[in-house]
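Here is the naming used below: chain letters follow the sequence lines, and residue numbers restart at 1 for every chain.
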Amino acid sequence: MPELPEVETVRRGLQPVMEGAKILVAEARRPDLRFPFQPDFVARLKGQVVTGLGRRAKYLMADLASGDVLLMHLGMSGSFRVIKPDNEAAPGEFHYPRAKDSTHDHVLFRMSSGADIIFNDPRRFGYMKVIARSALDEEPLLRGLGPEPLGNEFDAAMLARSCAGKTTSLKAALLDQRVVAGLGNIYVCEALHRSHLSPRRIAATLSTKKGETTDHAKRLVGAIHTVLNDAIKAGGSSLRDHRQTSGELGYFQHSFKVYDREGEKCSTPRCGGTVKRFTQNGRSTFWCPKCQK
DNA sequence: CCGCGGGCCTGAGAGC
DNA sequence: TGCTCTCAGGCCCGCG
């Protein structure tokens, strides 16, 4: 599911029930997700007030009054849903009508705001980890993450600079979280199409030999901003797993120009090309060879 | 250091 | 209906 717009959608759904609320009960229903849970995972959450819920790239970060931070990553198939606790359940017990795939409900929180928060992740590529806020800078999961694509410091000059000398494709460079943090396969394909740049273009061509930022880089950054902002407004893209915390689907998938649209006519005005698909670094790339150069 | 491919998991969908 | 195969929105790791 989750690239930046989906994670941001989830953050906005969780914020009202988490911020300012205490974690009354925390439960991990299996020993691991992608990684084993820390032995003190539950203990460090229980009784803590969540003072803020933020996002860094594709990570959700819940600040706790203890000085810890709960890092949460949705992997490929993770989702959160927020429901009202069953009043008949014992206080420490999660007793709600079971959803179809509740076998994959792995982590549960009961909040003092009157919400139960359930993390479901069939493929278990997601993970959670509690770290001290003071150790955030040394956290291996976060170290090396590039700039936020919607942040102030991310602009054409910066992108061109970090792609300078890169012999790899533009597609691979944009998927590299060290270059820019938060894009995934869908939004890279969509941003490249909207900026009329080929996914096969060499990344280094975003700047000239003299180090000047090209118009290509400017177009690309503009397209990244537009596509991410539009996707957030739409509640993200729901292909199979992504849900808003209310259970509603996102609807940006209806605005895809190329992703999952192989064989369709290119939507660029007067282009007349056809959307093609090929494999790049082991992943599907969708693009229009006619208008993306 | 860089770029690439394999692997981690489960489930959905296609084809037979 | 049911089997097998392919593929999926992410990212870590080891190899050359």
Side-chain angles (χ1 to χ4, degrees), chain A residues 1-10 29-36 55-60 71-80 99-106 119-129 139-146 149 162-192 199-204 224 227-228 231-232 234-244 249-263 277-286:
Chain A
M1 132 196 182
E3 304 180 33
L4 187 151
E6 290 73 37
V7 178
E8 179 60 23
T9 297
V10 169
R29 293 194 159 176
R30 47 173 301 127
D32 54 33
L33 291 172
R34 177 167 182 174
F35 310 119
R55 179 188 57 74
R56 170 77 173 106
K58 299 173 194 171
Y59 289 88
L60 292 169
L71 283 184
M72 298 174 277
H73 196 289
L74 303 176
M76 289 278 264
S77 60
S79 65
F80 282 94
K100 219 191 263 167
D101 60 350
S102 65
T103 55
H104 301 302
D105 287 347
H106 302 312
F119 178 69
N120 179 286
D121 185 6
R123 292 176 71 181
R124 303 201 305 274
F125 287 167
Y127 42 96
M128 295 192 191
K129 184 178 182 186
E139 171 52 45
L141 293 170
L142 304 176
R143 275 193 84 140
L145 282 180
S162 47
C163 287
K166 278 200 177 291
T167 56
T168 193
S169 66
L170 200 43
K171 166 94 187 295
L174 294 173
L175 281 175
D176 186 339
Q177 303 296 297
R178 296 169 297 186
V179 172
V180 55
L183 301 179
N185 206 29
I186 291 177
Y187 296 105
V188 167
C189 289
E190 294 296 318
L192 287 170
R200 289 193 161 104
R201 172 181 279 277
I202 299 301
I224 290 170
V227 76
L228 292 181
I232 291 169
S237 303
S238 291
L239 292 185
R240 53 201 111 244
D241 297 308
H242 171 61
R243 300 267 166 163
Q244 306 190 43
L249 299 174
Y251 52 91
F252 192 72
Q253 65 278 13
H254 303 302
S255 301
F256 291 171
K257 308 282 192 199
V258 287
Y259 188 85
D260 219 7
R261 297 204 180 283
E262 183 183 17
R277 165 188 178 147
F278 71 105
T279 301
Q280 227 175 350
N281 304 98
R283 316 196 56 191
S284 285
T285 295
F286 296 89

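OP1 and OP2 of dG10(C) both lie 4.0 Å or more from every side-chain N or O belonging to His73(A). Of the side-chain N and O atoms in Tyr259(A), one or more sit less than 4.0 angstrom from OP1 or OP2 of dG9(C). OP1 and OP2 of dC9(B) both lie 4.0 Å or more from every side-chain N or O belonging to Ser77(A).
Between the side chains of Arg277(A) and Ser284(A), a donor-acceptor pair is found at a separation under 3.5 Å.
Listed by chain and number, the residues in a ring pair (Phe, Tyr, Trp, His ring centres under 6.0 Å) with Tyr259(A) are Phe256(A), Phe286(A) (sequence neighbours excluded).
Rounding to whole angstrom units, CG of residue Leu33(A) and P of dC11(C) are separated by 15 Å. One interatomic measurement links the two molecules: CZ of Arg124(A) to P of dT10(B), which rounds to 5 Å at whole-angstrom precision. For the pair Ile202(A) CD1 and dC4(B) C1', the computed distance is 14 Å after rounding to whole Å. Following rounding to the nearest Å, Asn281(A) (CG) and dG10(C) (P) show an atom-to-atom distance of 13 Å. The nearest whole Å value for the distance from the CE atom in Met76(A) to the C1' atom in dC7(C) is 9 Å. Residue Asp241(A) contributes atom CG, which lies 14 Å from atom P of dA8(C) at whole-angstrom precision. The distance between atom CG of Asp121(A) and atom C1' of dC9(B), rounded to the nearest whole Å, is 9 Å. To the nearest angstrom, C1' of dG10(C) lies 16 Å from CZ of Arg55(A).
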Distances under 3.5 Å between nitrogen or oxygen atoms of protein and nucleotides 12-16 of chain C:
unit_1: dC12(C); atom_1: O4'; unit_2: Arg34(A); atom_2: NH2; d: 2.9

Distances under 3.5 Å only, N/O to N/O: pair up the protein atoms with those of nucleotides 11-15 of chain B.
unit_1: dG11(B); atom_1: OP1; unit_2: His104(A); atom_2: NE2; d: 2.7

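Note: Ser79(A) OG to Phe119(A) CZ = 7.0 Å, rounded to the nearest 0.5 Å. Note: Arg56(A) CZ to Leu71(A) CG = 11.5 Å, rounded to the nearest 0.5 Å. Distance OG1/Thr168(A) to CG/Leu174(A): 10.0 Å, rounded to 0.5 Å. Taking OG1 of Thr285(A) as the reference point, atom CG of Leu170(A) lies at 11.0 Å (rounded to 0.5 Å). Thr9(A) OG1 to Phe80(A) CZ: the interatomic distance, rounded to the nearest 0.5 Å, is 13.5 Å. With rounding to the nearest 0.5 angstrom, the CG atom of Leu192(A) is 15.0 Å from the NZ atom of Lys257(A).
The aromatic ring centres of Tyr127(A) and His73(A) sit less than 6.0 Å apart.
Once the 5.5 Å centre distance and the 30° plane angle are applied, the aromatic ring of Phe125(A) is found stacked with the base of dC8(B).
Within the structure, salt bridge (Lys or Arg N to Asp or Glu O under 4.0 Å) pairs that include any residue of residues 162-177 of chain A comprise Asp176(A)-Arg178(A) (at least two apart or interchain).
Each of Leu74(A), Asp241(A), Val10(A) was checked for a side chain to side chain contact (heavy atoms under 4.5 Å, CB included) with Pro2(A), and the lone residue meeting it is Leu74(A).
As rounded to the nearest Å, dC9(B) and dG14(C) have P atoms that lie 16 Å from one another.
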Dot-bracket, DNA chain B: Watson-Crick or G-U, under 3.5 angstrom, [ ] crossing, | other strand?
.|||||||.|||||||
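A heavy-atom distance below 4.0 Å to DNA chain C is reached by these residues of residues 172-184 of chain A, ordered by number: Gln177(A), Gly184(A).
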